[in-house]
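Reading through the structure tokens given below for one structure.
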Amino acid sequence: MSKTYHYNPIFQSICTFLIAGLFIIPVSANVFQEQQQNGYQGAGTGLTIYVDDDNVDGPWDGTLDHPYQYIQDGIDQAIDGDTVYVFGGFYRENVVVSKSIELIGEEKYPYLTGYGFGTVIKIIAEHVILTGFTISHCGSNSNNAGIMIHTSNNIITNNDIQYNDYY
């Protein structure tokens, strides 16, 4: 008696993927583990971008020698995982944090004011760390705040929040 075998392309494709997966998954796990041990942080570079209001003449590239003059410029150049380090000084701007970064103020407390206009710091990304600032003078509209947070999993510590009309 002879047996007849039928060709099933779906079954053959599934078997091929399963066999390939047995080789790919362990290799991927080893690469990921090596990256973690070497300090790789995913999409972020872990770079520090510097901001100093005293650098009025430029050039501005975010390095320690040529810091940005405005906080928002530092944030705009950062990617997830970076740190934006702000030297003490007086910053008149409204800032939007749209990336998962650390926004760190120097021990002298950078003074960040909205100068009576809008929300001073608006956080719209998760996993933001905000520390070391004096934040004051948001706008007088009831929708304005010294710090407005639209997301979760953020850390807001060691800030002096003052003279904000509503929030």
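When a residue number appears, it is its place in the shown sequence, counting from 1. Note that the structure is a prediction, hence the values are computed from the model and not measured.
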With clusters built from Ile, Leu, Val, Met, Phe, Trp and Tyr whose side-chain heavy atoms come within less than 4.5 Å, directly or transitively, what are the remaining members of the cluster of I124, listed by chain and number?
-> V96

T157 side-chain N/O to T131 backbone N/O, donor-acceptor pair under 3.5 Å | no

Determine the minimum heavy-atom distance between T113 and F90, stating which atoms define it.
-> CG2-CZ, 3.4 Å

Hydrophobic cluster identity match, Y91 and F117, side-chain contacts under 4.5 Å = no

OH of Y109: more than 12 outside heavy atoms within 6.0 angstrom?
-> yes

Is I104 reachable from I155 through a run of hydrophobic residues whose side-chain heavy atoms are each under 4.5 Å from the next?
-> yes

Looking only at non-hydrogen atoms, find the nearest pair between P67 and D52 and report the distance.
-> CG-CB, 3.6 Å

Does one hydrophobic cluster hold both V86 and Y111, with members joined at side-chain heavy-atom distances below 4.5 Å?
-> no

Between NE2 on residue H150 and CD1 on residue I123, distance to nearest 0.5 Å = 9.5 Å

Side chain proximity check, I121 to L130, heavy atoms < 4.5 angstrom | yes

Heavy-atom donor-acceptor pair, N153 side chain to H127 backbone, under 3.5 Å | no

Please assess L103 against I71 for the test side-chain contact (heavy atoms from CB on, under 4.5 Å), listing each intermediate value before the final yes or no.
-> CA-CA 9 Å; L103 187 57; I71 297 169; 4.0 Å; yes

Contacts of T48 that satisfy side-chain hydrogen bond (donor to acceptor under 3.5 Å, both in side chains) - sequence neighbours left out | none

I101: which of T83, I49, V84 passes side chain to side chain contact (heavy atoms under 4.5 Å, CB included) | V84

Rounding to 0.5 Å, atoms NE2 (H137) and CZ (R92) come to a distance of 11.5 Å

Closest non-hydrogen atom pair between P110 and G132, with its separation = CD-O, 3.1 Å

Does D80 use its side chain to pair, donor to acceptor, with the backbone of K99 at less than 3.5 Å?
-> no

In terms of heavy-atom contacts, Y50 and L64 come closest through CD1-N, 3.4 Å

Tell me, with the steps shown, if D73 and W60 meet side-chain contact (heavy atoms from CB on, under 4.5 Å).
-> CA-CA 9 Å; D73 290 340; W60 303 284; over 6 Å; no

Has the side chain of D82 got a donor or acceptor atom that lies under 3.5 Å from a matching backbone atom of G46?
-> yes

So, D65 and T63: side-chain donor and acceptor under 3.5 Å apart, yes or no?
-> no

Please list, chain by chain and in numerical order, all residues satisfying side-chain hydrogen bond (donor to acceptor under 3.5 Å, both in side chains) with S100, sequence neighbours excluded.
-> none

Donor-acceptor contact below 3.5 Å, side chain N159 vs main chain T134 | no

How close do T151 and N154 get, heavy atom to heavy atom, and via which atoms?
-> OG1-ND2, 2.9 Å

Euclidean distance, C138 SG relative to Y115 OH, rounded to 0.5 Å | 15.0 Å

Taking the side chain as every heavy atom from C-beta outward, state whether D54 and F87 have any pair of such atoms under 4.5 Å apart.
-> no

Does F133 belong to the same Ile/Leu/Val/Met/Phe/Trp/Tyr cluster as I156, with side-chain heavy atoms less than 4.5 Å apart forming each link?
-> yes

Shortest non-hydrogen pair, T119 vs N143, comes out as OG1-O, 3.7 Å

Do the side-chain N and O atoms of D76 and Q72 include a donor-acceptor pair separated by under 3.5 angstrom?
-> yes

Going hydrophobic residue to hydrophobic residue with side-chain gaps under 4.5 angstrom, can you get from L112 over to I161?
-> yes

Has the side chain of E106 got a donor or acceptor atom that lies under 3.5 Å from a matching backbone atom of G88?
-> yes

